[in-house]
Amino acid sequence: MAISNVPPGSCSTVVVVACVVFVVVVAGGTSSLRGHSAKPTVSATRTAATEKSTGFARLGGRGWSFGGSSPPRSISVTLADLPGRCGASAIVGPEPAVPASAVGGCGEGSLGRVTDSVRVRFAPSPTGFLHLGSARAALFNWLFARRHGGQFLLRIEDTDRDRSRPELIDVIFEGLEWLGLDWDEPPVHQSQRDDAHQAAVDVLLAGGHAYWSDAVPEGERDRVGGRAYDPADRDRGLPPARGRAVRFKVPHDGGVTSWNDLIRGEITVEHEHIEDFVIRRADGSPTFFLANASDDAHMGITHVIRGEDLINITPKYLLLRAAMGLEDATLQLAHMPLIVNEQRKKLSKRRDDVSLMDYRDRGYLASAMVNYLCLLGWGPPDGEEVRIDPLNLNDGFPTMFDITDVSSSPAAFDTKKLAHINGEHLRALSVEAFAELAMPFMVTAPFADRFGSDPADRTTFERILPEVQTRVTTLDEVPGYVDFFFVDSPEIDETSWNKAMVPDAAGWLDAVIAEVPGWDWDATVLHESFMGLAEELGANRRKFQAPVRVALTGRSVGPPLFESMELLGRDEVLRRLTVARSQLAGGG
RNA sequence: GCCCCCAUCGUCCAGCGGCCUAGGACGCCUGCCUUUCACGCAGGUAACACGGGUUCGAAUCCCGUUGGGGGUGCCA
């Protein structure tokens with residue numbers, strides 16, 4: 001990780017502290033990765049004080065600590081408070097979740113030796129729903145943290161007033177909890193770090209890395225007048241005043257900012273192509289760039305794993321860090337490819353189904369969702385794609401996830417494959433669990449008012465369920481397979497009826513109706529009796545069962561016929577057959 | 001426009017200079033099983049964008065072209 005052309009003297013003038021604090025030793029440097037020189041490697045960090053004999057001591061040294069489950073502290077930080085990576089209070093935590101053997105040997109593993117200082121974060125903005133892309137970003141960060149025995153943190157980017165509403169924030173927690181992604185420290189609320197952000201701006205201003213600007217944004221110029229931003233503004237030396245924003249002074253000295261992206265290799269951007277950007281709005285609020293860089297530093301983030309759409313802000317992020325004296329050789333960045341739709345466009349709220357929880361509501365299991373999301377841009381090295389417990393720390397994806405193996409090209413969201421995986425997960429469920437999970441879909445089904453009114457319904461439901469389990473791909477399909485048990489008369493599907501009611505159907509129905517009263521009422525026996533009858537009449541087995549099926553269920557497809565008959569009961573079967581027969585007679 | 005990123009079956013993932021006649025998965029097609037539909041099982045279909053290099057040898061490395069995407073806010 002190299003940032004060229006850092007303004008000379010920045011370290012001494014701006015943040016003396018940071019220079020002192022970063023005692024971290026970079027071990028291993030940038031060794032090549034499985035001989036693949038194009039891809040970068042994760043630098044390992046360790047200090048003598050924290051490395052236990054196991055080699056997997058957890059480096060948890062924050063300059064501060066949490067008291068139980070107390071809410072995040074709203075700390076007023078000056079840059080001097082920015083991360084104390086190796087302060088005196090280094091904490092040796094519990095053993096990492098991932099066994100040493102799974103991490104890979106030194107030099108052999110794709111990541112080489114990685115100690116447990118990894119701290120990653122998921123930093124969503126509360127928009128009222130959890131976007132699929134965000135969910136995957138959270139997932140990959142979580143996997144990375146768990147794989148390396150590090151911490152997965154949360155930061156709510158709620159600097160917009162209306163975005164800090166608790167209900168919007170809860171949606172994020174709900175989504176993560178549903179997926180099974182746990183976080184290790186109380187979430188940081190960006191809105192509560194305003195003092196720190198202001199302090200950061202002040203320091204940048206004082207160090208000559210930022211300046212006041214009276215330019216008016218385009219949208220407002222029509223209304224309030226004023227002039228557009230001019231690159232020459234950086235030299236006007238404007239004093240602070242109401243209504244003025246602060247811009248960061250990008251070093252236009254012919255230099256570049258570059259970093260070795262964990263997923264895509266080296267990325268370089270010339271400073272000439274980066275315009276001086278606003279870090280503090282005219283209303284005093286910090287912009288995303290400033291808050292983001294400041295908060296990551298505050299939280300001691302070691303690896304920034306985020307979407308590809310943020311590649312372009314990275315130079316600004318790095319420049320800001322450098323100017324704040326946070327130039328840190330251990331920071332690693334990884335930009336994941338976007339999830340795109342069939343048209344290869346970034347998943348959009350308007351066109352696509354991007355809300356994670358909508359998938360839950362349509363009958364997808366969290367485990368299937370996680371399983372599938374892991375397969376977008378990554379895949380287990382052993383090729384075993386379907387994992388019923390994908391997040392299992394002992395044998396799931398966390399034992400094998402490698403951020404440098406993440407693909408660099410966008411992945412299309414394929415609902416067909418998601419459905420297939422969901423089906424696999426559904427079939428792996430015990431009948432009891434399946435019943436439990438299907439219930440919410442039963443009580444909202446069209447026949448819900450009748451279903452459950454009779455205690456026998458539940459029994460019927462559970463008995464036919466094993467047959468339903470192999471037939472559905474999502475839980476919301478369940479009611480459609482069992483509805484005929486719980487309505488007075490099944491709605492007859494016309495196509496099915498026409499197809500089943502061949503010329504011989506009337507005679508067949510008559511024969512069945514005649515035999516039903518005498519048959520033993522057990523699915524297996526019914527099967528034999530029924531097929532015996534078909535043979536007697538010289539009828540084709542397939543064709544013979546079709547009219548009965550349509551008469552009883554309304555459709556030509558559904559659960560096995562004889563189990564259904566048994567559960568429906570002799571009287572009801574007789575009644576439905578008779579009704580169908582009469583409709584046939586009437587020319588139906 | 002400018003900047004950045006990407007490029008193997010329709011889709012996702014393998015491929016890390018010879019093991020590639022390019023592998024697996026989803027989808028699709030065929031067959032088997034079978035009371036329908038599923039499940040399961042057995043087959044099949046289908047890809048290295050193009051052009052130059054480098055090399056004894058390139059899907060793999062380099063350059064270019066083309067195509068696609070993302071970013072270009074006092075949004076995050």
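Chain naming here is simple, since letters A, B, ... match the order of the sequence lines and numbering starts at 1 in each.
Across all strands, A:Arg280 comes closer than 4.0 Å to no nucleic acid atom at all (heavy-atom distances). Note on A:Thr268: only backbone sugar-phosphate atoms sit closer than 4.0 angstrom, heavy atoms only; bases stay farther off. Within the 4.0 angstrom heavy-atom criterion, no nucleotide atom of any strand lies near A:Ala546. The residue A:Gly423 sits apart from the nucleic acid: no heavy atom pair falls under 4.0 Å. Note on A:Arg542: a base of the nucleic acid sits closer than 4.0 angstrom, heavy atoms only. A:Leu310 comes within contact range of at least one nucleobase, with a heavy-atom separation under 4.0 Å. Heavy atoms of A:Tyr372 sit nowhere under 4.0 angstrom from any nucleic acid atom. Using a 4.0 Å heavy-atom cutoff across all strands shown, A:Gly558 reaches at least one base atom of the nucleic acid. Nucleic acid contact for A:Pro559: base, since at least one base atom lies under 4.0 Å from a heavy atom of the residue. Within 4.0 Å (heavy atoms only), A:Glu385 reaches at least one base atom of the nucleic acid. Among the heavy atoms of the strands lying under 4.0 Å from A:Ile267 are primed sugar atoms or P, OP1, OP2 only; no base atom is included. Heavy atoms of A:His335 sit nowhere under 4.0 angstrom from any nucleic acid atom.
Counted by atom type alone, A:Thr257 and A:His271 present one or more donor-acceptor pairs between their side chains at under 3.5 Å. There is no side-chain donor-acceptor pair under 3.5 Å between A:Arg362 and A:Asn422.
On a pure distance criterion of 3.5 Å, no polar donor-acceptor pair joins the side chain of A:Arg344 and the base of B:U11. At a cut-off of 3.5 angstrom, the base of B:U35 holds at least one donor-acceptor pair with the side chain of A:Arg549. Taking only distance into account, the side chain of A:Arg471 meets the base of B:C37 through a donor-acceptor pair shorter than 3.5 Å.
Going from the C1' atom of B:C20 to that of B:A47 covers 13 Å, rounded to whole Å. The gap from the C1' atom of B:C29 to that of B:G10 amounts to 14 Å, rounded to the nearest Å. For the C1' atom pair drawn from B:A46 and B:C9, the interatomic distance equals 5 Å after rounding to whole Å. With P as the reference atom, B:G17 and B:C62 are 12 Å apart, rounded to whole Å.
Between A:Asp493 and A:Lys499, no side-chain nitrogen of the basic residue sits less than 4.0 Å from a carboxylate oxygen of the acidic one, so the salt-bridge criterion is not met. Salt-bridge formation is detected for the pair A:Arg155/A:Asp296: a Lys NZ or Arg NE/NH1/NH2 atom is positioned less than 4.0 Å from an Asp or Glu carboxylate oxygen. Electrostatic pairing of A:Lys543 and A:Asp504 does not count as a salt bridge here, judged by no charged N lying under 4.0 Å from a carboxylate O.
Atoms CG (A:Asn371) and C1' (B:C12) sit 12 Å apart, rounded to a whole Å. What separates NZ of A:Lys316 from P of B:A76 is a distance of 12 Å, to the nearest Å. Counting to the nearest Å, the P atom of B:C26 and the CG atom of A:Asn422 are 15 Å from each other. One can place CD of A:Glu384 at 12 Å from C1' of B:A25, the figure rounded to the nearest angstrom.
Between A:Ile421 and A:Tyr372 there is a side-chain heavy-atom pair separated by less than 4.5 Å. A heavy-atom distance below 4.5 Å is not found between the side chains of A:Val201 and A:Pro286. A:Asp233 places a side-chain heavy atom less than 4.5 Å from the side chain of A:Arg227.
The nucleotide whose nearest atom lies closest to any side-chain atom of A:Pro217 is, among B:U35, B:C4, B:C74, B:C74. Among the nucleotides B:U35, B:C5, B:G40, the one closest to any side-chain atom of A:Arg264 is B:C5. Proximity note for A:Val269 (side chain, C-beta onward) versus B:C4, B:U11, B:C74: the nearest is B:C4. Side-chain atoms of A:His420 lie closest to B:G27 of the nucleotides B:G27, B:C74, B:C4. With B:C13, B:C6, B:C74 as the candidates, the nucleotide lying closest to the side chain of A:Arg281 is B:C74. Relative to the side chain of A:Lys346, the nucleotides B:A76, B:C5, B:G71 differ in distance, and B:G71 lies closest. With B:A76, B:C39, B:C16 as the choices, the nucleotide that has an atom nearest any side-chain atom of A:Ser125 turns out to be B:A76. Listed nucleotides: B:C12, B:C5, B:U35. Nearest to the side chain of A:Leu561: B:U35.
Under the Watson-Crick or G-U wobble criterion, with both distances below 3.5 Å, B:U36 has no partner in any strand shown. Base pairing annotation: B:U21 forms no Watson-Crick or G-U wobble pair, as no partner gives both donor-acceptor distances under 3.5 Å. For B:A7, the paired base is B:U66 (Watson-Crick or G-U wobble, both distances below 3.5 Å). Summarising the base pairing, B:C41 is matched to B:G31 through a Watson-Crick or G-U wobble pair whose two defining distances lie under 3.5 Å. Using the Watson-Crick or G-U wobble rule with both distances under 3.5 Å, B:C75 pairs with nothing in any strand shown.
RNA chain B is contacted by both A:Lys417 and A:Pro560; A:Lys417 maps to the nucleotide lying nearer its 5′ end (nearest heavy atom per residue). The residue among A:Ala411 and A:Glu308 whose nearest nucleotide of RNA chain B is located toward the 5' end is A:Glu308.
Look at A:Thr159 and you'll find a side-chain N or O under 4.0 angstrom from OP1 or OP2 of B:A76. The phosphate of B:U34 has neither OP1 nor OP2 within less than 4.0 Å of any side-chain N or O from A:Arg541. At B:C2, none of the side-chain N or O atoms of A:His273 fall inside 4.0 Å of OP1 or OP2 (strictly under the cut-off).
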